[in-house]
Amino acid sequence: MSNAEIATMLRRIAFLIELDSENSEAENTRLNFKSRAYIKASDQIQNLPINIKQLYEEKGIDGLLQIPSIGKAIATKISEFLNTGTVDYYEKLKLRYPIQIDDFLDLEGIGPKTLRRIFSKINIKTLDELEELARNRELRILPGFSANKETDILKKIEMHRIGKKRFLLGDIYPLALKIEEFLVNNEEVSKAAAVGSFRRMKETVGDLDFVVVSNDPKKVIEKFVTMPNVKEILSKGVTKAFVKLNNNMDADLLVVPSESFGTALLYFTGSKRHGIHLRKLAQVKGYRLNEWGLYENNTDQKIAGESESDVYDLLGLEWIPPEMREDNGEIELAKKGSNSWQHKMALLVDYNDVRGDLQVHSNYTDGKLSIEDMAYYARMLFDLDYIAITDHTQSLKIAGGLDEKEILDQQIKIHEINDRIKSSQFFEDMDTSVVKNQFYHYGNNYRSRKKDDKKTDKKFRILSGAEVNILKDGTLDISNNVLDKLDLVGAAIHSNFSLPEEIQTERLIKVAQNPSVDILFHPTGRIINKREGYQINISKVLSACLDTKTVIEIDAHYNRLDIRDELIRTSINNGVNLVIDSDAHHPMHYAFLNLGISQARRGWANKKDILNTQPIPELLSSLK
DNA sequence: GCCGTTTTCGGCCCGACTGTTTTCAGTCG
């Protein structure tokens with residue numbers, strides 16, 4: 001039973017409670033708050049970095065009660081759900097409203113109040129039936145309804161059917177920057193920022209949010225809603241506008257005066273739960289916090305608003321990096337004077353900390369370019385100090401994996417190139433015109449790393465390595481005496497994804513125990529929105545990694561981002577070391593390193609937890 | 001139903017936009 005399933009159950013209960021509130025006003029209010037309590041608990045569980053089922057098995061109801069927003073009543077229901085697969089209270093509510101709940105649960109724009117009005121007059125059970133009512137013009141006669149509202153409902157149902165999938169951060173990153181740039185370049189705009197889950201660098205993004213500073217909101221909003229990639233205007237007011245883009249993604253804009261920029265950033269960056277927590281903190285301190293500013297409650301005097309850090313400061317907090325704003329304990333950690341903040345979060349890994357990339361492919365296998373080219377761009381455009389060439393090995397036929405002789409030949413080639421880098425004008429002599437052209441079409445749309453001019457290009461080094469294929473029984477397809485000649489070895493699963501959990505776990509533990517394996521590449525094997533990771537008992541694998549000094553990779557390719565943020569937190573808490581790699585098959589993929597660093601920051605990783613923030617000698621001595 | 005630096009009752013984040021109203025309820029971010 002996953003956290004998501006439990007969260008969904010609580011949300012269904014909340015929904016039915018709201019439908020049920022049809023009594024006296026006082027009773028309505030009570031049920032309303034009751035429903036919100038279930039929604040809060042559901043949100044909390046959805047975002048919880050630990051597995052509820054495991055927590056319950058280890059600590060029982062007391063474990064559940066330690067989770068914020070979960071009290072005795074909800075804890076009991078979760079326990080019942082875990083034990084029996086159902087909740088009696090929910091089943092009873094369902095008898096009162098025998099509808100297809102999941103049809104209506106995530107129906108955007110049509111909430112429980114509207115549905116209650118319909119259900120109380122007309123007996124329908126499914127979304128199809130609701131659609132039919134609207135088509136037959138049978139809704140407009142209900143109180144509070146109209147022909148317009150009928151049309152609106154049909155449109156909302158249609159949008160719901162299209163489905164609102166979340167976009168991969170890496171896919172929409174260039175678009176977000178493009179719109180941000182469009183806004184910045186407007187003469188009425190003095191500041192603009194892409195915010196929302198994009199700024200928090202979540203691995204998937206539901207919509208794009210922008211905050212701009214302008215003295216002429218009307219004009220800015222008009223330009224925003226008439227951008228070429230806007231398909232439809234959803235709503236447009238004096239300070240806010242919502243549109244649908246051509247790719248069916250929603251984009252939201254908020255226009256504020258300069259003195260509100262900080263609070264607007266806070267509000268629109270979210271997360272929602274982080275914002276709510278901050279507003280509650282403000283309330284306790286006698287303030288009121290909204291997107292326009294932080295105010296004294298008594299005098300209505302504005303005491304902050306222009307900068308985020310002023311607001312955090314007045315709330316008694318350190319400034320919290322956007323990647324951490326999930327209300328998963330960061331606010332408690334950020335209390336002024338907190339030791340743990342000084343020791344932990346002040347040392348959060350930063351975007352310029354990563355010095356090298358330890359998973360890079362070349363045209364020896366399925367990479368697009370030569371080792372020389374991969375080295376050149378790593379140095380010249382991404383300011384890296386080293387890369388490891390880790391091509392696939394022989395049993396991965398589809399990628400043209402290397403056999404033992406080819407691996408050793410490649411290593412000789414790498415030594416040759418390293419010698420040339422050390423002794424000659426290697427970087428000046430490269431002919432790069434062709435690749436550069438390809439590169440700027442794509443890679444330049446990512447924010448790139450800052451070039452450190454003090455470094456000399458002759459310091460750059462290529463490490464020899466391999467992405468060794470893990471066979472079904474946990475052995476490797478290359479012998480240890482060959483692997484031991486390489487600078488580093490990553491091992492990865494590319495087949496037999498669906499072995500039973502116990503066997504898959506044993507398979508990975510065997511790999512960790514292999515003395516030649518330094519790193520587990522993309523350890524859980526997930527592809528976001530496409531493939532769940534393989535079934536493994538992660539705590540057993542982590543413990544094997546700790547015992548054997550095996551390093552866990554954060555694969556920064558945006559469709560993997562493997563391991564995910566909560567697992568990063570778990571790994572670090574267990575003392576396991578990490579590296580961040582781009583899995584580059586083309587130089588433009590080095591840009592993904594930043595996404596991996598974001599992932600690490602969302603997993604609260606310090607610089608010291610990430611081994612490839614170190615220079616080569618220290619890195620190599622940290623490996624097996 | 002949850003929660004507590006006004007702690008076991010009485011609160012519960014805050015404001016914008018829309019549509020159906022004519023002062024507000026519903027929904028969203």
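Proteins get letters first, then strands, A, B, ... in listed order; numbering begins at 1 in each.
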| request: Give a yes/no answer on whether the side chain of A:Trp292 brings an N or O atom under 4.0 Å of OP1 or OP2 in B:dA16. | output: yes
| Atom-to-atom span, CZ of A:Arg288 to P of B:dC14 - whole angstrom | 8 Å
| note | By nearest-heavy-atom nucleotide on DNA chain B, the more 5' of A:Leu234 and A:Tyr287 is A:Tyr287
| said: What's the gap between B:dG4 and B:dC13 when it is taken at their P atoms, as a whole Å value? | reply: 13 Å
| N-O pairing of A:Arg11 and A:Asp43 below 4.0 Å | yes
| note | The side chain to side chain contact (heavy atoms under 4.5 Å, CB included) partners of A:Lys302 (sequence neighbours excluded) come to A:Glu259, A:Ser260, A:Tyr295
| said: I'd like to check the salt bridge (charged side-chain N to carboxylate O under 4.0 Å, His left out) partners of A:Arg30; sequence neighbours left out, ordered by chain and number. | reply: A:Glu27
| task | Mind checking side chain to side chain contact (heavy atoms under 4.5 Å, CB included) for A:Ser235 and listing every partner two or more places apart, or none if nothing turns up? | result | A:Phe242
| said: What's the gap between B:dT23 and B:dG19 when it is taken at their C1' atoms, as a whole Å value? | reply: 13 Å
| field | Contacting residues from residues 302-316 of chain A, given that a heavy atom lies under 4.0 angstrom of DNA chain B | value | none
| query | For A:Phe33 and B:dC12, is the gap between ring centres under 5.5 Å while the planes differ by less than 30°? | reply | yes
| field | Pair A:Tyr38 + A:Phe15: ring centers closer than 6.0 Å | value | no
| message | Any base atoms under 4.0 Å from A:Asn148, or only sugar-phosphate, or nothing? Heavy atoms, all strands. | response | sugar-phosphate
| field | Complementary nucleotide of B:dT8, counting Watson-Crick and G-U pairs under 3.5 Å | value | none
| Does A:Asp102 have any salt bridge (charged side-chain N to carboxylate O under 4.0 Å, His left out) partners at least two apart in sequence or in another chain, and if so, which? | A:Arg12
| field | All side chain to side chain contact (heavy atoms under 4.5 Å, CB included) counterparts of A:Met159, not counting sequence neighbours | value | A:Ile162, A:Lys244
| said: Going by side chain to side chain donor-acceptor pair (under 3.5 Å), name the residues that satisfy it together with A:Asn123, two or more places apart in sequence or in a different chain. | reply: none
| Does anything in residues 112-158 of chain A pair up under ring pair (Phe, Tyr, Trp, His ring centres under 6.0 Å), and if so which pairs, sequence neighbours excluded? | A:Phe104-A:Phe119
| said: Using a heavy-atom cut-off of 4.0 Å across all strands, would you classify A:Ser35 as base, sugar-phosphate, or nothing? | reply: nothing
| request: Identify whether any heavy atom of A:Ile276 sits under 4.0 Å from a base atom; if not, whether one sits that close to sugar-phosphate; answer base, sugar-phosphate or nothing. | output: base
Show the distances under 3.5 angstrom between N or O atoms of the protein and N or O atoms of nucleotides 3-11 of chain B.
| unit_1 | atom_1 | unit_2 | atom_2 | d |
| --- | --- | --- | --- | --- |
| B:dC3 | OP1 | A:Ser69 | N | 2.5 |

| query | Could you give all pairs that pass the ring pair (Phe, Tyr, Trp, His ring centres under 6.0 Å) test and reach residues 50-92 of chain A, with sequence neighbours left out? | reply | none
At a cut-off of 3.5 Å, list every protein nitrogen or oxygen paired with a nitrogen or oxygen from nucleotides 25-29 of chain B, distance to 0.1 Å.
| unit_1 | atom_1 | unit_2 | atom_2 | d |
| --- | --- | --- | --- | --- |
| B:dG26 | O3' | A:Thr114 | OG1 | 3.2 |
| B:dT27 | OP1 | A:Gly111 | N | 2.5 |
| B:dT27 | OP1 | A:Gly111 | O | 3.0 |
| B:dT27 | OP1 | A:Thr114 | N | 3.3 |
| B:dT27 | OP1 | A:Thr114 | OG1 | 2.5 |
| B:dT27 | OP2 | A:Lys113 | N | 3.3 |
| B:dC28 | OP1 | A:Gly109 | N | 2.2 |
| B:dG29 | OP1 | A:Glu108 | OE2 | 3.3 |
| B:dG29 | N3 | A:Tyr267 | OH | 3.2 |

| Who are the ring-ring contact (aromatic ring centres under 6.0 Å, His included) partners of A:His557, not counting sequence neighbours? | A:His589, A:Phe592
